[in-house]
Amino acid sequence: MTIELTWLGHSGFALTIDGHKVLIDPFLSGNALAPFGVEAVEAGTILLSHGHGDHIGDTPAIARRTGATVVSNVEISNWLRDTHGLEDVIGINTGGGVRLPFGRVELTIAHHSSGLPDGAYGGMPNGILIFTNEGQTLYHAGDTTVFAEMEWIGDEGIDLAILPIGDHYTMGPAKALRAINLLRPKVVIPMHYNTFDAITQDAAAWAERVARETAARPVVLEPGGTFSL
Ligand code: NI
Ligand code: MN
């Protein structure tokens with residue numbers, strides 16, 4: 001079974017897993033790299049890493065239009081229900097998970113912050129692990145620096161890791177190399193760069209270092225670009 005993944009720019013990804021449409025951190029309005037508009041995305045499930053506006057993004061509008069289930073930490077799910085009227089929300093917490101039609105989703109730790117767009121408390125930031133029904137394991141790190149427990153996450157056997165490389169708000173290219181050596185994924189895709197001036201990076205140069213200094217295969221996507229696993 002293949003997983004098809006499309007980069008929406010920044011930390012946003014649209015995945016098709018065994019026919020199920022899954023969005024991660026769908027930030028399209030206000031994202032200069034977004035390959036298409038909010039109206040074009042489909043979703044059965046939306047997964048959120050943390051509460052910042054560049055990750056919550058267009059979740060309320062997309063969830064309302066598509067009826068998607070939104071999975072996030074408890075504080076964000078309560079906020080989406082109370083502030084935006086979303087009914088189909090699942091709030092979990094770090095280390096916990098939930099079974100969904102395409103597999104199991106767990107939240108990992110991330111070292112970052114998580115305030116919500118209106119200033120409300122957004123709980124702790126997270127990374128996202130997806131264990132598909134077909135046995136593939138994906139890790140979307142959210143916004144974070146490298147941390148030693150990435151080695152434990154790597155023990156899950158990561159097929160695809162998606163890591164921020166932008167620096168400034170998250171780890172930059174050098175720390176992302178260290179993260180890859182802890183996570184030991186088969187394939188790595190960079191995210192959270194070039195959206196704003198402060199996070200401008202040369203992803204091609206970074207990919208050369210990944211190929212030289214790690215065992216992972218780097219895949220650099222253009223916004224709107226796809227990868228099949
Ligand atoms: Ni953030
Ligand atoms: Mn961010």
Side-chain angles (χ1 to χ4, degrees), residues 5-15 22-35 38 41 46-63 70-80 83-84 91-94 105-130 138-147 149-150 153 161-176 179 183 188-203 206 220-221 223-224:
L5 168 154
T6 301
W7 188 35
L8 306 180
H10 209 52
S11 298
F13 289 85
L15 290 78
V22 181
L23 288 178
I24 304 177
D25 287 356
F27 166 53
L28 296 162
S29 309
N31 173 3
L33 298 182
V38 183
V41 293
I46 301 173
L47 310 177
L48 298 176
S49 65
H50 64 292
H52 289 158
D54 57 321
H55 297 261
I56 298 264
D58 300 289
T59 294
I62 296 168
V70 184
V71 180
S72 65
N73 76 22
V74 179
E75 288 80 5
I76 294 170
S77 71
N78 288 344
W79 180 83
L80 288 170
T83 307
H84 290 280
I92 56 177
N93 215 325
T94 309
V105 169
E106 287 183 11
L107 296 181
T108 74
I109 62 168
H111 291 306
H112 190 64
S113 55
S114 184
L116 287 158
D118 63 359
Y121 174 65
M124 300 298 286
N126 293 110
I128 298 165
L129 272 170
I130 303 174
L138 280 70
Y139 171 57
H140 180 290
D143 282 2
T144 188
T145 185
V146 64
F147 49 88
E149 295 92 331
M150 281 183 171
I153 296 172
I162 305 172
L163 300 179
I165 66 163
D167 206 346
H168 200 91
Y169 303 111
T170 68
M171 61 183 160
K175 287 190 173 64
L183 292 162
V188 63
I189 292 177
M191 65 173 173
H192 212 275
Y193 68 95
N194 290 359
T195 330
F196 320 117
D197 288 346
I199 57 173
T200 300
Q201 296 294 340
D202 183 342
W206 177 78
V220 176
L221 295 174

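Both counts, for ligands and for their atoms, begin at 1 and track the order of listing.
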*So, do Pro190 and Trp206 sit near enough that their side-chain heavy atoms are less than 4.5 Å apart?*
yes
*Could you check Val22 against Phe13 for side chain to side chain contact (heavy atoms under 4.5 Å, CB included), going step by step and ending with a plain yes or no?*
CA-CA 8 Å; Val22 181; Phe13 289 85; over 6 Å; no
*Take the Mn ion (ligand 2) and tell me which protein N, O or S atoms are nearer than 2.8 Å.*
Asp54 OD2, His55 NE2, Asp143 OD2, His192 NE2
*Within less than 2.8 Å of the Ni ion (ligand 1), how many protein N/O/S atoms are there?*
4
*Kindly determine whether Ser114 and Asn73 satisfy side chain to side chain contact (heavy atoms under 4.5 Å, CB included), including the steps that lead there.*
CA-CA 10 Å; Ser114 184; Asn73 76 22; 4.3 Å; yes
*Heavy-atom side-chain proximity of His50 to Asp143 below 4.5 angstrom*: yes
*Where do Val70 and Ile76 land on the side chain to side chain contact (heavy atoms under 4.5 Å, CB included) test, with the steps shown first?*
CA-CA 10 Å; Val70 184; Ile76 294 170; over 6 Å; no
*Audit row: Ile128, Thr108, side chain to side chain contact (heavy atoms under 4.5 Å, CB included) steps and yes/no*: CA-CA 6 Å; Ile128 298 165; Thr108 74; over 6 Å; no
*Hey, are His10 and Thr195 close enough side-chain-wise for a donor-acceptor pair under 3.5 Å?*
yes
*Heavy atoms, side chains only, cut-off 4.5 Å: are Thr170 and Thr145 in contact?*
no
*Does some side-chain heavy atom of Met150 sit less than 4.5 Å from a side-chain heavy atom of Val146?*
yes
